[in-house]
Amino acid sequence: MKNIAVIFSYSPYGNSFSQEGLDLLISLTGYTNKIGVFFIGDGILNCIKKQYSKNIYFLNYTKRFKILNILGIKKFYCNVSTLKTRGLLHKKNFFLKINILDDMNFKNKLHTFDHIINF
C-alpha cells in the first residue's frame with residue numbers, strides 16, 4: 001500500500017475543510033497504516049487543547065483528532081515557522097504528540113509520501 005500524507009492547512013472554524021479532512025483520515029485507516037499527518041499554517045489550530053468554541057457558536061470537533069492515536073496513526077508533523085508566526089513555539093498545549101521540524105526537514109519528510117491530500 002502507498003504512503004499517504006494528509007495536510008491540514010485551515011483553521012477548525014469558519015469552514016468545513018478540516019472536519020472533512022479528519023473524516024477522510026479516519027476512513028483511510030481502514031486501508032493503510034502508512035499515514036502521516038502534517039499541520040501547516042492555521043491547520044495547527046486543530047490540535048490545541050481547551051478550545052472554547054461556544055462563544056462563536058461552533059461545534060468543537062477537534063477533540064476527535066485524539067482518536068487517531070487509537071487508530072494507529074502516530075506520525076504528526078509541524079514546521080517551526082508555523083509555530084513561530086502563531087506564537088505557539090514554546091507552548092505545550094497540543095493534545096497530539098507532534099514532531100516539530102525545521103522547514104527543510106518538514107519539506108523533505110512530506111516528499112517521502114506517495115500521495116498528498118490537502119485540507
Side-chain angles (χ1 to χ4, degrees):
M1 189 54 132
K2 302 279 184 177
N3 294 334
I4 300 173
V6 179
I7 300 173
F8 288 90
S9 56
Y10 289 93
S11 71
Y13 308 111
N15 58 54
S16 63
F17 293 133
S18 294
Q19 187 171 5
E20 292 170 3
L22 179 59
D23 291 341
L24 174 74
L25 192 54
I26 291 169
S27 65
L28 283 173
T29 60
Y31 299 103
T32 184
N33 59 358
K34 299 176 182 178
I35 299 173
V37 182
F38 294 79
F39 297 97
I40 300 174
D42 288 341
I44 194 63
L45 301 176
N46 288 291
C47 303
I48 295 179
K49 294 179 186 177
K50 299 180 183 176
Q51 296 188 32
Y52 302 104
S53 60
K54 292 179 191 175
N55 297 339
I56 57 173
Y57 303 107
F58 275 95
L59 175 67
N60 183 3
Y61 68 88
T62 59
K63 294 177 184 180
R64 291 179 42 208
F65 274 90
K66 293 178 186 178
I67 198 169
L68 298 177
N69 288 321
I70 297 169
L71 295 173
I73 299 175
K74 306 285 186 207
K75 299 175 184 175
F76 303 100
Y77 305 99
C78 185
N79 58 345
V80 172
S81 61
T82 288
L83 297 176
K84 279 183 182 177
T85 58
R86 282 151 188 82
L88 299 171
L89 186 59
H90 300 292
K91 296 192 179 197
K92 302 288 184 193
N93 59 350
F94 301 114
F95 53 78
L96 294 173
K97 186 172 177 355
I98 299 175
N99 297 307
I100 300 170
L101 305 172
D102 63 46
D103 292 341
M104 184 57 81
N105 286 331
F106 184 84
K107 181 180 174 182
N108 291 339
K109 179 62 79 173
L110 187 59
H111 286 295
T112 63
F113 289 84
D114 300 318
H115 299 285
I116 300 172
I117 305 169
N118 187 19
F119 285 97

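None of these values were measured; they are calculated from a predicted model. Residues: numbered from 1 along the sequence shown.
A distance of 6.5 Å separates CD1 of I100 from CG of L89, quoted to the nearest 0.5 Å. Here the OG atom belonging to S18 is positioned 8.5 Å from the CZ atom belonging to F39, to the nearest 0.5 angstrom. Atoms CG and CD1, on L24 and I4 in that order, are 8.0 Å from each other to the nearest 0.5 Å. Note: K75 NZ to N99 CG = 10.5 Å, rounded to the nearest 0.5 Å. Taking OG from S11 and CZ from F17, the interatomic distance works out to 10.5 Å, rounded to the nearest 0.5 Å. The line from CZ of F95 to CD1 of I48 is 9.0 Å long, rounded to the nearest 0.5 Å.
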What do the steps show when you test K109 against N105 for side-chain contact (heavy atoms from CB on, under 4.5 Å), and what is the final call? CA-CA 6 Å; K109 179 62 79 173; N105 286 331; over 6 Å; no
Could you walk me through whether S9 and N118 pass the side-chain hydrogen bond (donor to acceptor under 3.5 Å, both in side chains) test, one step at a time? CA-CA 7 Å; S9 56; N118 187 19; 3.1 Å; yes
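In the hydrophobic clustering of ILVMFWY residues, with side-chain heavy atoms under 4.5 Å counting as a link, V6 and I116 come out apart. Hydrophobic clustering places F8 together with I73 (ILVMFWY residues linked when any side-chain heavy atoms are closer than 4.5 Å, directly or through intermediates). In terms of hydrophobic clustering, with Ile, Leu, Val, Met, Phe, Trp and Tyr side chains grouped at heavy-atom distances under 4.5 Å, L45 and V80 are assigned to a common cluster. Under a hydrophobic clustering in which Ile, Leu, Val, Met, Phe, Trp and Tyr are joined whenever their side-chain heavy atoms come within less than 4.5 Å, directly or via other members, I35 and L101 fall into different clusters. The cluster map of Ile, Leu, Val, Met, Phe, Trp and Tyr, joined by side-chain heavy atoms under 4.5 Å apart, puts L83 and I40 in different clusters.
Annotation: side chain of L110 is not in contact with side chain of Y77 (no heavy-atom distance under 4.5 Å). Using a 4.5 Å heavy-atom cutoff, the side chains of D103 and K107 are not in contact. Using a 4.5 Å cut-off on side-chain heavy atoms (C-beta onward), F94 and I44 make contact. N33 places none of its side-chain heavy atoms less than 4.5 Å from the side chain of L71. A heavy-atom distance below 4.5 Å is found between the side chains of F76 and L68. Side-chain contact check for F113 versus F38: some heavy-atom pair is nearer than 4.5 Å.
When all heavy atoms are compared, the tightest approach of T82 to T85 is O-OG1, 3.1 Å. Annotation for F119 and E20: closest pair CE2-C, 4.2 Å, computed over non-hydrogen atoms.
Counting only distance, with no hydrogens or angles, the side chain of K74 and the backbone of N69 share a donor-acceptor pair below 3.5 Å. Put simply, the side chain of N79 never gets that close to the backbone of S81: no donor and acceptor are under 3.5 Å apart. N46 contributes a side-chain N or O that, together with a main-chain N or O of Y10, makes up a donor-acceptor pair within less than 3.5 Å.
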